[in-house]
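Numbered from 1 within each chain, the chains take letters A, B, ... in sequence-line order. Heavy atoms only: backbone and side chains are in, while hydrogens, waters and symmetry mates are out. Model, not experiment: these values are computed from the prediction.
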There are 2 protein chains.
Amino acid sequence: MSSPTPQPAKAATLHDVAREAGVSLITASRALTNPGLVSDKTIERVQQAVAATGYIPNLLAGGLKSRRSLMVAGLVPTISVPQFLPTVKALTETLDAAGYQLILGQSGYDHSREEKLLNTMLSRRPDGIVITGLVHSQQAREQLSRLGIPVVETWDLSDRPVDMMVGFSHVKVGSAVAGFFLSRGWQRVGIATGDDHRAMMRHDGFLAAIGRAVPTAIVPAPSSVEWGRRAMAQLLEKDPQLRAVYCSSDGFAQGLMIEAQSRGLRIPQDLAVCGFGDADFSAHLQPSLTTVHIDGAGIGRIAAQLIIDRCAGKTIDQPIVDVGFHIIERQSTAPA
Amino acid sequence: MSSPTPQPAKAATLHDVAREAGVSLITASRALTNPGLVSDKTIERVQQAVAATGYIPNLLAGGLKSRRSLMVAGLVPTISVPQFLPTVKALTETLDAAGYQLILGQSGYDHSREEKLLNTMLSRRPDGIVITGLVHSQQAREQLSRLGIPVVETWDLSDRPVDMMVGFSHVKVGSAVAGFFLSRGWQRVGIATGDDHRAMMRHDGFLAAIGRAVPTAIVPAPSSVEWGRRAMAQLLEKDPQLRAVYCSSDGFAQGLMIEAQSRGLRIPQDLAVCGFGDADFSAHLQPSLTTVHIDGAGIGRIAAQLIIDRCAGKTIDQPIVDVGFHIIERQSTAPA
DNA sequence: CTGTTAGCGCCTTCAC
DNA sequence: GTGAAGGCGCTAACAG
């Protein structure tokens, strides 16, 4: 009591709580984590002891024994692309509600970092892993399945999941947009895309549906408004008569529209534009932007639930979930 | 070898590595975390054993004894407001480079959740905490200082830090924008703002510098393009002759511009607009948006470094860092 | 419903 | 340079 040390008091442990409450260690433990096994009177005494001691559980210690860290690793290419934000948000919230915490990792758009980051994450012993995109490294794939930890690959689909998947087909998105352009009668079409794997899959689907090469501008991911302006300039150089262009993100599309408009082109009368992602601003641009809507929050919610269910020992009847997509037609692609 | 169990092989522990390498447990430990204490030959043997066993360190276990979790808790109001993204990104990257991992928490814009979230985070025994904004709850403040864990409050300044601070004065931002408007000779000014604490501080600074009440639109945080359109409508109802308006974010300002333009107002000739945050698109809007630039990435970097240094036992000579701000003048506030 | 025992995997402390 | 004990804080597995 008379200790003059200003240093932080050693944090209370469950031991202190148990002593304060006059019960054994394990009873205190159960009162907090499994109250069904303990009498109401005891629970109350323990809770009072918790308040009195200022006890904060140490999940690290508990996790060591129980082999449940209550953490889930989330890997995104980069946090600064708004596209994945609703997913990260829903992931965090759904996990939080179930007592799990998200630890965030940025893999960059470079696959070589993927393996290293994964190892860093694994050393935290997460109860699950949610990855934006597919796991590409074969070594990482094997390691993950060997470890047997729940993995959800998101924002894409393939027939070779590491474990579980929540996403949609980027190839189909590309061909759907191409089909939409063709249905409008637009033949002189172009594409502006970031160079990341998923955007390139959409690019491939677009080309396949068009059936021939088209003017293309490829920029380093993540694409941006600024890159959009440059991409538009490039495309108009390749074909000044371009009638419609598909862009790999809405911010990117906004940049193309700005550049086109600043060159006196009218959208959609002279040039139609379609984006991807349905950003919050897209409906409010002038003209409003036609885009492909993805339920990003849904992806996060479902991915989290898959992890939670798997950790709870439930069997997953549908380990691969296709959330689909749909084209939202707005003014930027209105018929002439 | 002939075990038919398809279940995950029990992950290798340091014990397995040591046996494989023919050294004791502790030598294996040192070879990995403190190679200076071990002979080169031993290090190599251990590293081979690591590769052979597929060993992944268990930081949970190590942290239990060493009392260093190598995790830092990061609290943001919500991940989905782009404003804090550069901070989160820089934070993640700087911490990662020093071997720390960020665990992300969303406190919402509701202070009551702050305490609960903080407790959840503390149960992971983070080595540091970075908070967006100030810690408001008195109980939380006391708890944090009692625990003695490094805390950085960011994106704001006050004279009563829990521990360390990296930010700038929102009141000064507000008065600077007001001063800028007045220097242009604009008297009929208005303000559109989200209702979060920091935006309201800017609001207060703005009003104080103007010296009287002005038409105001307050929307629930986080503000958005859509809220911007509504806010503009409200403001024009209050004063159809409004000459200049200050908005609490750039996306929000974009919404105001869109609404104003759709009503036939010319920006900046009829109405000038200033935003806050210098989003990536702001320079590219038509007209380009005048805004207040904050070095968000710098805040993240400095906050991470403060935590890292403190954990390394270094004394911090400057625990309160003012990163300042500056107004970026663009077309949306060009003089008549 | 409650308690005892025995670790989880690693690192600190002390010895050699 | 290396090793042997002991314990970080908690919880599974068994008793009673």
Side-chain angles (χ1 to χ4, degrees), chain A residues 8-46 49-50 53-71 99 122-127 147 311 313, chain B residues 8-46 49-50 53-71 99 122-127 147 311 313:
Chain A
K10 204 165 164 315
T13 74
L14 194 52
H15 187 85
D16 303 320
V17 173
R19 196 157 30 84
E20 175 85 16
V23 297
S24 78
L25 194 71
I26 186 64
T27 300
S29 169
R30 284 198 273 251
L32 296 175
T33 58
N34 218 335
L37 298 176
V38 178
S39 76
D40 291 355
K41 201 165 40 176
T42 307
I43 291 177
E44 193 170 334
R45 291 233 306 281
V46 170
V50 167
T53 54
Y55 172 69
I56 299 172
N58 184 333
L59 260 39
L60 265 55
L64 190 57
K65 182 68 187 174
S66 67
R67 306 177 151 290
R68 299 185 320 133
S69 64
L70 295 177
M71 296 196 295
L122 285 175
S123 64
R124 309 276 171 190
R125 297 295 186 269
D127 292 337
L147 257 37
C311 288
Chain B
K10 205 166 166 313
T13 73
L14 195 52
H15 187 85
D16 303 320
V17 173
R19 195 156 31 82
E20 176 84 16
V23 297
S24 78
L25 191 76
I26 184 60
T27 302
S29 170
R30 284 199 273 251
L32 297 176
T33 58
N34 219 336
L37 298 177
V38 179
S39 76
D40 291 355
K41 201 164 41 176
T42 307
I43 291 177
E44 195 172 331
R45 291 232 309 280
V46 170
V50 167
T53 54
Y55 172 69
I56 300 173
N58 185 333
L59 259 39
L60 265 57
L64 191 57
K65 184 67 189 177
S66 68
R67 307 179 153 290
R68 299 187 317 132
S69 63
L70 294 178
M71 298 194 294
L122 286 175
S123 63
R124 310 274 173 191
R125 295 298 186 270
D127 292 337
L147 256 39
C311 288

Visitor: Does some side-chain heavy atom of B:M71 sit less than 4.5 Å from a side-chain heavy atom of A:L60?
Guide: yes
Visitor: If we only count heavy atoms from C-beta on, is the B:I26 to B:R30 side-chain gap below 4.5 Å?
Guide: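 Yes, close enough: below the 4.5 Å cut-off.
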Visitor: A side-chain contact here means heavy atoms from C-beta on lying under 4.5 Å apart; do A:R124 and B:R124 qualify?
Guide: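 No; the side chains remain at least 4.5 Å from each other.
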Visitor: Figure out the CZ/C1' separation between B:R19 and D:dG3, and round it to whole Å.
Guide: 17 Å
Visitor: Within this structure, what is the NE2-to-P distance between A:H15 and D:dT11, rounded to whole angstrom?
Guide: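 Between P of D:dT11 and NE2 of A:H15: 15 Å.
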Visitor: Check step by step if side-chain contact (heavy atoms from CB on, under 4.5 Å) holds for A:I56 and B:R125.
Guide: CA-CA 9 Å; A:I56 299 172; B:R125 295 298 186 270; 3.6 Å; yes
Visitor: Provide, to the nearest angstrom, the distance between the CZ atom belonging to A:R68 and the P atom belonging to D:dA12.
Guide: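 Nearest whole value for this atom pair: 8 Å.
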Visitor: To the nearest angstrom, how far is A:R124 atom CZ from C:dC10 atom P?
Guide: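 Answer to the nearest Å: 14 Å.
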Visitor: CD1 of A:I26 versus P of D:dC14: gap in Å, rounded?
Guide: 14 Å
Visitor: Can you tell me how far the OG1 atom of B:T27 sits from the CZ atom of B:R45, to the nearest 0.5 Å?
Guide: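 Output value for this atom pair is 10.0 Å.
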Visitor: Should we say atom CG of A:D40 is surrounded by more than 12 heavy atoms from elsewhere, each under 6.0 Å from it?
Guide: no
Visitor: Given B:L14 and B:L32, is the side-chain contact (heavy atoms from CB on, under 4.5 Å) satisfied, shown in steps?
Guide: CA-CA 10 Å; B:L14 195 52; B:L32 297 176; 3.9 Å; yes
Visitor: Would you compute the distance between atom CG of A:L37 and atom CD1 of A:I43 and round it to the nearest 0.5 angstrom?
Guide: 9.0 Å
Visitor: Measure from CG on B:L70 to C1' on C:dC10 and round the result to the nearest Å.
Guide: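 About 13 Å, once rounded to whole Å.
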Visitor: Output a table of nitrogen or oxygen pairs between the protein and nucleotides 6-9 of chain C separated by less than 3.5 Å.
Guide:
unit_1: C:dC8; atom_1: O3'; unit_2: A:R67; atom_2: NH2; d: 2.8
unit_1: C:dC8; atom_1: O2; unit_2: A:K65; atom_2: N; d: 3.2
unit_1: C:dG9; atom_1: OP1; unit_2: A:R67; atom_2: NH2; d: 2.3
unit_1: C:dG9; atom_1: OP1; unit_2: B:K10; atom_2: NZ; d: 3.3
unit_1: C:dG9; atom_1: N2; unit_2: B:A61; atom_2: O; d: 3.2

Visitor: Tell me whether the side-chain N/O atoms of A:S24 come closer than 4.0 Å to OP1 or OP2 in C:dG3.
Guide: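 Looking at the OP1 and OP2 atoms of C:dG3, one of them is under 4.0 Å from a side-chain N or O of A:S24.
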Visitor: Among residues 29-43 of chain A, which ones have heavy-atom contacts with DNA chain D below 4.0 Å?
Guide: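 DNA chain D contact set from residues 29-43 of chain A: A:S29, A:T33.
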